[in-house]
Protein chains: 2
Amino acid sequence: MIKPDIVFVAKLAGVSPATVSRVMNHPDLVHPATRKRVELAVEKSGYIRNRAAQAMHGKRSATIGLVVPTVANTIFAEVVQAFNDTVSAQGFTLLLASHGYDLEVEYRLVRKLLEHRVDALAVVGLDHSPGTFRLIAEQRVPLLAIWNYLADSPLPCIGVDNREAGRLAAEHLVALGHRRIGMVFPATFDNDRARDRKTAATAVFRAAGIELQDRWQVEVPYSIAQAKAACLELLAGEDRPSALLCANDVIAQGAIYAAARLGIAIPASLSVIGIGDFAGSAQMEPALTTVRIPAQQIGISAGQAIVEAIGRPDADFMIRSRVELELIMRTSTGIAAEMVRP
Amino acid sequence: MIKPDIVFVAKLAGVSPATVSRVMNHPDLVHPATRKRVELAVEKSGYIRNRAAQAMHGKRSATIGLVVPTVANTIFAEVVQAFNDTVSAQGFTLLLASHGYDLEVEYRLVRKLLEHRVDALAVVGLDHSPGTFRLIAEQRVPLLAIWNYLADSPLPCIGVDNREAGRLAAEHLVALGHRRIGMVFPATFDNDRARDRKTAATAVFRAAGIELQDRWQVEVPYSIAQAKAACLELLAGEDRPSALLCANDVIAQGAIYAAARLGIAIPASLSVIGIGDFAGSAQMEPALTTVRIPAQQIGISAGQAIVEAIGRPDADFMIRSRVELELIMRTSTGIAAEMVRP
DNA sequence: AACACTCTTGCAAATGTTTTCATTAATTCT
DNA sequence: AGAATTAATGAAAACATTTGCAAGAGTGTT
């Protein structure tokens, strides 16, 4: 019992392979009666068409590559889901790869995805190795950066302005009167998102005449556990900041748990702000004040844009779409203690 | 400027296409000097081999399909990551699909993955539509169920015994003297994991002579927000359970936030137990008592098993591997109030 | 020096589709 | 009714690779 191919089905239906192909790809070109017969033969033989052969013919592979730093935590879960749903509804399948914040690994992954002849590629952020860019340019595959927006980005992008995110968060703390501010960020090397947020926030603080104490700046990877551990250390003792600006909600959640453990009242004695508004941030107690990144909207828009780009292979693909950030004030931030008049 | 194919590279290197192919697939068969020349030509021309053409030849497609209910929350994030890392290290690329707990959607996704001629398929759990099973059997693609273990499962599986998970959680509550018990579960239709956990837990309670009050059994989807909302309702008023058994940690986190909001002390007046030990469960305050599912280990083992299965296409693939559960006692559960002697 | 090997390499067939072009059948128009 | 369209199908080339087979070039043996 051999796997049925298109000629097997054709024989079974008493037509030529060409007709079977047309039934699959341009059903309107074939007579309803023949179509019925072919569909029956397909059904009966259990035929499943071979996309590889189709792709080989220069046609679409009907796949889209998505490269993310990680799927292991909440950060990108929502975009990935929304993006996948969107392109999947259009008949595409997602090839997923994750590089763990290592751009050299990313290069290899992109290469692998190109070997599979993905019809388009989406990556997170605008920081990529030159090799990656060269590769994609050579292959003329539509490439879309998601998550970040930059007015003069070298490649199409759909996302948020991370400098604005940093600015919004910082301004919120400044507006509440905080001057003793700690920042908890991951390494900003190879990570333009964290870098942009941090520099923008720093600029705001500087403009407000706030001096950032080195001892309140800590570097942690994106992990609740490590963020909590780092914050436990940072917040121990009397000499601690009155507010913590965290690179994203995962870190902010860690910070809040650390404060809870230490019995530090939020927001009375400590304010914590995150960036992202990930799942759970709104529900936690205290609810996390954050700069909302509309992940779902990004995923959907990105999916639509990329499908559209695949649709016009000749037109060169350039879109720069900024989705709006929003400061979501919840209960994890409050007026700085020293500003509260009795 | 046309994209270089294998014959272009061959010409550039002054060899035949066959030799180039051998350099890519069986490097040891070609003379080191020629190999060098070919590699140089590949480099110079920016050639990227076409997996589609390769797959068409009956060879491997070097892809593995993974179908999960969702990637939008923490539940499967860790397995997906570990699985991806493992197979990726072996040169495979992941085709990802998510069906949102709808087995009819799953059928269509599986079909799509088979069109792409994945070398193997992994799915979550043992509940699947008959069509899905038929499809996969016809195509003779190795199929592996992850997350669940069942001694007499109809297909290879690597995961945990969900009945045991439910049992461990329930026994823990019973051991602490709880008799007024609520359960927060998602719909168990089409979801063998939730179903197994629930029936096992129910059996334990019944054996302990505990009567489950209908008003304390609630059904919620896997979402922190909805779990919290449901628990706010469940826990309002005086007539509430002393312990909550949650189908998984996502729901349990929602329950804990609900209690925090209502000012119900955990574990003094309410115990909450989850299943899963997802990221953040250990760090939250109070730290969540849970039945640990070693997601990473499952992902790695599953990746290894499936790659191995691809390696021996003739031998039929059957593995049933149970990974051990472990009750992790933290601070969200405690002795039932009515058992505490002054 | 002839023989039997082993290494390398090229030729050509095969893989499963899609698509262009041509052919035949059916329909419409005058 | 005959010509001119239009619709439906088939034949065959094309797509980019892999691999079995065969041939040529060295190498060691007698």
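Just so it is clear: chains get the letters A, B, ... in the order the sequence lines come, proteins before strands, and each one is counted from 1. Just the heavy atoms: all of them, side chains too, but no hydrogens, waters or symmetry mates, feed the values below.
- In this structure R60(A) satisfies the salt bridge (Lys or Arg N to Asp or Glu O under 4.0 Å) test with no other residue, sequence neighbours excluded.
- The salt bridge (Lys or Arg N to Asp or Glu O under 4.0 Å) test applied to E308(A) returns R312(A), not counting sequence neighbours.
- Not a single salt bridge (Lys or Arg N to Asp or Glu O under 4.0 Å) links D5(A) to another residue, sequence neighbours left out.
- The salt bridge (Lys or Arg N to Asp or Glu O under 4.0 Å) check on R51(A) picks up E115(B), with sequence neighbours excluded.
- N50(B) is linked by a side chain to side chain contact (heavy atoms under 4.5 Å, CB included) to R117(A), A52(B), A53(B), counting only residues two or more places apart in sequence or in another chain.
- Ion pairing between D127(A) and R195(A) holds under the 4.0 Å rule for side-chain N and carboxylate O.
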Can you give the donor-acceptor pairs under 3.5 Å from side chains of residues 129-139 of chain A to other protein atoms, not counting sequence neighbours?
unit_1  : atom_1 : unit_2  : atom_2 : d
S129(A) : OG     : T132(A) : N      : 3.2
S129(A) : OG     : T132(A) : OG1    : 2.8

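- The list of salt bridge (Lys or Arg N to Asp or Glu O under 4.0 Å) pairs with a residue in residues 25-38 of chain A, not counting sequence neighbours, is empty.
- Residues satisfying the side chain to side chain contact (heavy atoms under 4.5 Å, CB included) test with R22(B), not counting sequence neighbours, are A18(B), T19(B), L29(B), V30(B).
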Quiz item: Tell me, for nucleotides 14-26 of chain C in 5' to 3' order, what letter each nucleotide earns: B for a base near a protein heavy atom under 4.0 Å, S for only sugar-phosphate near one, - for neither?
Solution: BBBBBBB------
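- In summary, contact between chain B and DNA chain D, defined as any nucleotide atom under 4.0 Å from a heavy atom of the protein, begins and ends at dA16(D) to dG20(D) in the 5' to 3' direction.
- The ring-ring contact (aromatic ring centres under 6.0 Å, His included) analysis of residues 78-117 of chain B, with sequence neighbours excluded, yields the pairs Y101(B)-Y222(B).
- The overall bend of the helix from dA1(C)-dT30(D) to dT30(C)-dA1(D), read as the angle between its terminal helix axes built from five base pairs each, is 30° when rounded to 10 degrees.
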